[in-house]
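What follows is a set of notes on a single structure, which appears directly below.
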Amino acid sequence: MSRKYRNGKLKLWSSAFDPSLSREQLIAKVPDGIQKDQWVSFIDNRLKPEYQELCQKNAEVRQRQTVPHTSGAKLLSRKQHEMEIELGRPVSRVELYIACHKKKDGSYVNEEARSIGLNCNMWTAVCPLLQGGTSLF
């Protein structure tokens, strides 16, 4: 539900926002099905300097992320729990990393993720303590 709500707000903002328009002009573009007072509140919130700074900061963080994951909004602890139920044993951090950085077809999301995954596999072969859920990290 929260993802649909967030995406709906983003779509609404993307369709209405034009940097050349003033606050009053944006408020005048009330979409069908939305009450004017809610629209005014939505526009005012989006135009706050704090909100703009947060959006800019989040965009910069996304640009710096070099190794994306494939688990979406799912927490790593939840993914680990699901894997443990499916496999019937504790899951190591290495197994969790590999599961969260591979696509459905089994390939890694990018070359850096593949390099890290291969490095992790090498360490688990060398150090058996890393297998079976025990972690040195």
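Here the straight-line distance linking atom OG of Ser20 with atom CD of Gln25 works out to 7.5 Å at 0.5 Å rounding. Of the inter-residue distances, the one linking Gln80 atom CD with Cys100 atom SG reads 9.5 Å to the nearest 0.5 angstrom.
Pairs of residues two or more places apart, or lying in two chains, that qualify as salt bridge (Lys or Arg N to Asp or Glu O under 4.0 Å) and include a residue from residues 65-75 are Lys74-Glu82. Annotation: salt bridge (Lys or Arg N to Asp or Glu O under 4.0 Å) contacts involving residues 20-34, sequence neighbours excluded, comprise Arg23-Asp44. Residue pairs meeting the side chain to side chain donor-acceptor pair (under 3.5 Å) criterion with at least one partner in residues 56-65, sequence neighbours excluded, are Gln56-Glu60. Residues in residues 45-72 take part in no ring pair (Phe, Tyr, Trp, His ring centres under 6.0 Å) pair, two or more places apart or across chains.
The closest side-chain heavy-atom distance from Leu10 to Ser14 is below 4.5 Å. Contact check for Tyr108 versus Ile98: side-chain heavy atoms found under the 4.5 Å cut-off.
Residues that satisfy the side-chain contact (heavy atoms from CB on, under 4.5 Å) test with Leu87, not counting sequence neighbours, are Arg89, Val91. Checked against ring-ring contact (aromatic ring centres under 6.0 Å, His included), Tyr97 has the following partners two or more places apart in sequence or in another chain: His101. Not counting sequence neighbours, Glu112 has no partner by the salt bridge (charged side-chain N to carboxylate O under 4.0 Å, His left out) test. Taking the side-chain contact (heavy atoms from CB on, under 4.5 Å) definition, one finds that Ser77 meets it with Leu75, sequence neighbours left out. Looking at residues two or more places apart in sequence or on another chain, you find no side-chain contact (heavy atoms from CB on, under 4.5 Å) involving Gln52. In this structure Glu50 satisfies the side-chain contact (heavy atoms from CB on, under 4.5 Å) test together with Lys48, sequence neighbours excluded. Taking Asp37 as the reference, nothing meets the side chain to side chain donor-acceptor pair (under 3.5 Å) condition, with sequence neighbours excluded.
Within the 3.5 Å criterion, the main-chain N or O of Lys102 finds a donor-acceptor partner in the side chain of Thr70. In terms of modelled atom types and a separation under 3.5 Å, the side chain of Ser15 and the main chain of Lys11 share a donor-acceptor contact. A donor-acceptor contact shorter than 3.5 Å is absent between the side chain of Asn110 and the backbone of Pro68.
Across all their heavy atoms, Pro90 and Glu95 have their closest contact at O-OE1, 4.2 Å.
Hydrophobic side-chain contacts under 4.5 Å tie Val40 into a cluster, directly or through other members, with Leu12, Trp13, Phe17, Leu21, Leu26, Ile27, Val30, Ile34, Trp39, Phe42, Ile43, Leu47.
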